[in-house]
Structures are given as C-alpha cells and as structure tokens.
Amino acid sequence: MGWLDKLPWRKQKKNSVFADMLNGFTPIFSQFGHDIYASDVVQQALMCIVQEMKKLNPMHVRISGMDENPVTGNRSLQNVLDHPNELMTKSEFIEKIMWTLLFNYNAFVIPVYKRWTDPDTQTERRVYTGLYPVQPVQVDFIQDEDGVLYIKMRFSNQYETTLPYAEVIHIRHKFSINEFMGGNERGQPDNDALLKTLEMNGTLLQGVASAMKSSFAINAVVKYNTLMDDGKTEAALKILEKKIKASESGFLPLDLKSEFIPIKKELKLVDPETLKFIDEKILRTWGISTPILTGDYTKTQYEAFYQKVLEPFIISLGQAFTKTLFTEREQSFGNKIKFYPKDLIFMSVDQTLEMIRLLGDSGALYENEKRTALGLKPDPNLEGIRMQSLNYVNVEFAKEYQTKPAEDNRMEGVKSDKK
C-alpha cells in the first residue's frame with residue numbers, strides 16, 4: 001500500500017471481539033451505495049458544497065480565554081495541515097474528505113507520525129508527517145479485553161489493516177441511529193426517499209426525450225387515389241423518396257393520383273414549473289437553493305447557505321481533527337484545530353471597506369492584511385506594521401480619563417499637538 005507501511009502499527013490483542021452495539025447489530029459496515037450520484041442534479045448540488053469547503057484554511061491554534069492564537073513554535077502540525085501528503089495539496093485534501101463524506105456519510109483520515117521523547121520533560125510526543133484520507137470498502141469495530149476500541153479496514157484490493165480507533169480521524173454525517181457510523185442503522189447513506197424523487201425526475205426526462213424523438217417521426221401521409229398492388233406501392237414510394245431528395249425548393253411535385261396529407265402534431269412537453277419543482281425537491285436534500293447552484297446569489301442567500309450547510313461541516317471537521325491529533329492533556333491547554341472560513345465569506349466592496357475600518361482602527365489588522373482584503377498584493381515595506389486609531393482608550397482607564405479636570409485634558413491636547 002506504500003504510505004500505509006509508514007504507520008506506527010499497534011495490533012489489537014488476541015482476545016478481541018466485535019464491539020458491543022446497543023441495537024443488537026454486529027458492527028461490520030460495508031461501504032457504500034452510489035446510486036443517487038448518477039443524477040446530474042445531485043452532482044451539481046454536491047459540487048456547490050465541495051467547492052466552497054475546499055477554500056477552508058485549517059490551523060493549529062491555542063485558546064487562551066477568549067483569544068485564539070496561532071501556534072508559531074512547533075510548526076510540524078501546521079506544516080502537515082498546509083501540506084497533508086505527497087499526493088495532495090491542502091485544497092485537494094479537503095476536497096477528497098468532503099466528497100467521501102457526502103458519498104458515504106463517513107470519512108476516514110489516517111495520521112502518520114513519528115514518536116519523539118522530549119529530553120527536558122521526558123514525555124513522549126508525536127511529530128506528524130502526513131495525513132491520508134482513505135476509502136475502505138468495509139470497516140469493522142473491534143474491542144479487546146481491556147475495552148480498547150480498534151477499527152479494521154478492508155480496501156478494494158483486499159488489503160486489510162487494523163488501527164486503534166482513537167488514532168483515526170473519523171468524520172460522520174447524519175450521525176443518528178448507528179452508534180459508530182453516520183447514516184442509517186447499517187452505517188450507510190439512507191437515500192430511499194431521495195431515490196424516489198430521482199426516479200420521478202428520470203421519468204420526466206425520458207418523457208421529454210421521447211417527445212423530441214417523436215418530432216422526427218412520420219410527419220405526413222401520401223394517399224394514392226387508385227388501387228395498387230404491393231409491387232406498384234413500393235415503386236411509388238421509391239419515386240416519392242427520389243422527389244423528396246431532389247427537391248431543393250421545399251416543394252414536392254405530385255400528380256392527380258396522389259394526395260399529400262400532413263399530420264398535425266401537438267407535442268406535450270413537461271411544463272417548466274414541474275421540472276423546477278422536481279429539481280428544487282432534490283436540491284433541498286442538500287440545503288442548496290437555485291441561486292447557489294447557478295452562482296447568481298445575493299449576500300443574504302450566501303449567508304443562509306453558509307449557516308445552514310457549510311458551518312455544520314466546518315465545526316465537525318475541526319472537532320474531529322482536534323479529538324484525534326491532540327491528547328486530552330494537550331486539549332486541556334487549549335490546543336485545537338480550526339478550519340477558518342475567511343475565504344468563504346461573501347462581502348461587497350463597501351462591506352469589506354467597513355470591515356477594514358472597524359478592525360483597522362482597533363489595530364487588529366496588519367497593513368498588508370488590509371491590502372489583501374481588497375485584492376491588492378502585499379507591500380514588503382508594510383510587513384509587520386499595524387496601525388491603530390488614537391480615538392479609543394483602554395476600558396480600564398476610561399473612567400480615569402473622563403474624570404480628569406478639563407484643564408488637564410486640554411493641556412494633554414496641547415502637548416499632543418506640539419509633538
């Protein structure tokens with residue numbers, strides 16, 4: 001398997017059994033059904049989600065109070081988030097995860113790491129070297145005699161591997177009935193209701209196709225006002241075909257013995273409202289509106305799409321990565337993986353300028369961040385520079401400033417002018 005050989009294998013103990021499930025099912029899950037993805041409407045809807053999610057920026061941060069600070073010391077984890085593996089870029093990595101999640105309602109990522117012992121604290125740490133999204137065709141959940149949960153994965157080439165479940169990043173979609181997997185009680189996508197709608201949509205499209213074909217069928221009848229045997233009929237037909245092919249004016253010459261009778265056609269195609277209803281019914285399954293699908297959306301429509309569809313996925317990704325990549329002790333110090341959606345937020349130029357003004361006045365933006373927000377390239381002369389408005393005061397000193405004698409305030413203003 002190549003990169004799988006790099007994994008720090010930890011086999012489960014011999015006395016292991018399938019993990020218990022409260023609903024009585026044996027936790028063996030075959031992946032996965034793809035019937036619904038033959039529909040172009042479904043593919044277009046999922047593409048809307050995936051194309052937006054791949055704009056995310058994963059980052060290792062440390063939470064301190066209300067502040068989220070990027071971790072700049074040990075950059076090994078951030079480097080892996082920026083360059084997941086030798087086969088994928090960051091956006092491709094996220095895209096792969098999202099397609100797998102939307103197809104199967106479950107996505108698995110295996111982190112590859114090396115063990116390292118801190119010489120000062122003598123504590124063992126992990127140095128992550130890669131993140132690999134995998135697509136097993138079957139997964140089994142196994143529990144050993146100590147209660148440690150393992151996940152056994154079988155791939156399409158019959159390769160099998162077993163890993164501690166705690167060392168596998170597992171993102172679940174529609175995690176409801178099953179205790180281990182997203183989807184239905186068998187750990188698979190529950191698409192029964194959607195398949196009925198897709199079947200209806202397919203029937204309508206077939207009807208449209210049949211109506212189009214019928215328009216190329218027989219358009220008229222030529223009646224011969226005489227009795228003819230089969231041989232003469234065939235000969236007359238050949239003469240008629242020859243006349244049709246030879247006619248460049250669009251007129252067909254006929255004699256008194258034949259009569260041209262056109263067939264009036266009234267093709268009944270499906271009305272646009274019905275097709276629109278079916279399409280929207282399919283799109284509602286994924287929370288996609290028609291403006292989002294066509295790209296002709298307003299800021300309000302995009303915000304609704306973000307909050308209803310994208311944000312839950314963003315939260316799930318961050319929490320799943322945090323749970324696996326950090327120990328409980330590391331999490332207690334505020335270490336988290338967050339997927340920042342800055343590039344997803346749709347703002348007009350006026351709104352961007354207002355954002356720059358609000359954050360810039362408080363010194364929360366670097367000068368180059370202001371430039372990049374407007375699509376301008378960073379200026380090397382502005383690197384590391386932050387500007388702050390002097391129209392604000394620390395809340396701790398606000399009362400003291402307001403209660404100073406007016407003369408003191410005026411004198412401070414004079415000193416400031418002289419400077």
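A donor-acceptor pair is defined here as one N or O able to donate and one able to accept, closer than 3.5 Å; no such pair exists between the side chain of Gln51 and the backbone of Cys48. In this structure, Ser362 contributes its side chain and Leu359 its backbone to a donor-acceptor pair below 3.5 Å. The closest donor-acceptor contact from the side chain of Thr322 to the backbone of Ile337 lies under 3.5 Å.
There is a side-chain donor-acceptor pair under 3.5 Å between Tyr302 and Glu52. For the 3.5 Å distance criterion, the side chains of Glu86 and Tyr132 qualify, holding a donor opposite an acceptor. Side-chain N/O atoms of Tyr113 and Glu167 include a donor and acceptor closer than 3.5 Å. No side-chain donor-acceptor contact under 3.5 Å links Arg172 and Asn106.
The salt bridge (Lys or Arg N to Asp or Glu O under 4.0 Å) test applied to Lys338 returns Glu68, not counting sequence neighbours. Partners of Lys90 by salt bridge (Lys or Arg N to Asp or Glu O under 4.0 Å), not counting sequence neighbours, listed by chain and number: Asp82. Remark: Gln331 pairs with no residue by the side-chain hydrogen bond (donor to acceptor under 3.5 Å, both in side chains) rule, at least two apart or across chains.
For the pair Asn85 and Val112, the minimum side-chain heavy-atom distance is 4.5 Å or more.
Classified by interplanar angle (parallel below 30°, tilted 30° to 60°, perpendicular above 60°), the ring pair His173/Phe313 is tilted.
Annotation: His60 is in aromatic contact with Phe326 [ring centroid separation under 6.0 Å].
The existence of a salt bridge linking Lys152 and Glu160 is confirmed by a sub-4.0 Å separation between a basic side-chain nitrogen and an acidic carboxylate oxygen.
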Criterion ring-ring contact (aromatic ring centres under 6.0 Å, His included) on Tyr165 and Tyr150, from CA distance to verdict: CA-CA 5 Å; Tyr165 181 66; Tyr150 293 83; over 10 Å; no

